[in-house]
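Residue numbers start from 1 in every chain, and the chains themselves are labelled A, B, ... in the order their sequence lines are given, proteins ahead of strands.
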Amino acid sequence: KAGVTQTPRYLIKTRGQQVTLSCSPISGHRSVSWYQQTPGQGLQFLFEYFSETQRNKGNFPGRFSGRQFSNSRSEMNVSTLELGDSALYLCASSLSGTVNTEAFFGQGTRLTVV
Amino acid sequence: AQKITQTQPGMFVQEKEAVTLDCTYDTSDPSYGLFWYKQPSSGEMIFLIYQGSYDQQNATEGRYSLNFQKARKSANLVISASQLGDSAMYFCAMRDPPGGGKLIFGQGTELSVKP
């Protein structure tokens with residue numbers, strides 16, 4: 001059974017550009033959530049999608065957006081990149097994202113903004 | 001709102017010994033679950049073990065076990081027979097709210113296994 005796949009693994013972008021990250025969940029999983037990890041702030045929740053609908057959103061500016069497709073694959077987009085957006089972005093896949101379901105993570109996308 | 005606290009920023013353990021990583025949590029919901037993840041320097045978050053609040057027995061997965069004490073609101077991870085490959089960051093997490101898709105994490109504990 002394939003795990004959670006995030007692409008690309010590494011990315012270098014310039015301030016002001018935009019970027020799109022992709023996450024393919026485990027087959028059959030319908031919940032995908034995204035997290036930003038930085039040394040200073042730790043792991044912070046960005047948003048969660050379930051069956052193509054955003055179900056929950058963290059406290060991030062509108063430059064951060066996402067979507068989920070009918071095959072449960074999800075993308076997140078960051079527009080007008082800032083230096084502070086440099087981070088490891090992780091996505092997690094769950095069967096349903098409820099209390100008793102486990103969450104499995106991908107390898108992450110390491111974004112560097114220069 | 002739920003809260004997770006890990007008070008050990010870093011720990012050392014000798015190879016082949018057991019180690020306990022602490023995690024305390026705060027929630028007013030009767031139904032919840034605790035997760036433990038391992039994050040090596042490569043960045044991937046590896047799922048280790050899960051404990052539900054209504055589970056009668058402490059969870060175990062190979063060398064990993066959870067010392068779950070509901071009354072004290074603690075869910076400590078025990079790693080038996082430590083190996084060099086266990087050196088990594090370890091995070092305790094739970095869903096917030098318990099029935100939702102969002103995970104909240106503790107600050108993490110960096111474990112170093114010495115040969």
So does F12(B) have more than 12 non-hydrogen atoms from other groups sitting under 6.0 Å from CZ? no
Contact part of Q37(A) toward chain B, heavy-atom cut-off under 4.5 Å: side chain, backbone, both or neither? side chain
How about NZ on K57(A), more than 12 heavy atoms from neighbouring residues, nucleotides or ligands closer than 6.0 Å, or not? yes
Would you say the side chain of Q39(B) lies within less than 4.5 Å of the side chain of L88(A), judging by non-hydrogen atoms? yes
Distance col, row S42(B):OG vs R9(A):CZ, nearest 0.5 angstrom, shows 7.0 Å
Heavy-atom distances under 4.5 Å only: say whether D96(B) touches chain A with side chain, backbone, both or neither. backbone
F91(B) versus chain A, heavy atoms under 4.5 Å apart: side chain, backbone, both or neither? side chain
Test ring pair (Phe, Tyr, Trp, His ring centres under 6.0 Å) applied to F47(B) and F105(A), step by step: CA-CA 8 Å; F47(B) 169 77; F105(A) 283 81; 9.7 Å; no
Report, as yes or no, whether the 6.0 Å neighbourhood of atom CZ on R15(A) holds more than 12 heavy atoms from other residues, nucleotides or ligands. no
Is it true that atom CG of N59(A) has more than 12 heavy atoms of other residues, nucleotides or ligands lying nearer than 6.0 Å? no
Hey, are the side chains of L90(A) and E44(B) touching, using non-hydrogen atoms and a 4.5 Å cut-off? no
Heavy-atom pair of closest approach, residues E102(A) and F35(B): CA-CE2, 3.5 Å
With a 6.0 Å cut-off (strictly less than), is the heavy-atom count around NZ of K114(B), excluding the residue itself, greater than 12? no
Determine yes or no for a side-chain-to-main-chain donor-acceptor pair under 3.5 angstrom, with Y35(A) supplying the side chain and L103(B) the backbone. yes
Please answer: with hydrophobic residues joined when any side-chain heavy atoms are less than 4.5 Å apart, are F47(A) and I104(B) in the same cluster? no
Go through the side-chain N and O atoms of R95(B) and S94(A) and say whether any donor and acceptor fall under 3.5 Å apart. yes
Give the intermediate values and the outcome of ring pair (Phe, Tyr, Trp, His ring centres under 6.0 Å) for residues F105(B) and F45(A). CA-CA 9 Å; F105(B) 294 84; F45(A) 171 76; 10.0 Å; no
Could you report the tightest heavy-atom contact between G101(B) and S33(A), atom names first, then the distance? O-OG, 3.8 Å
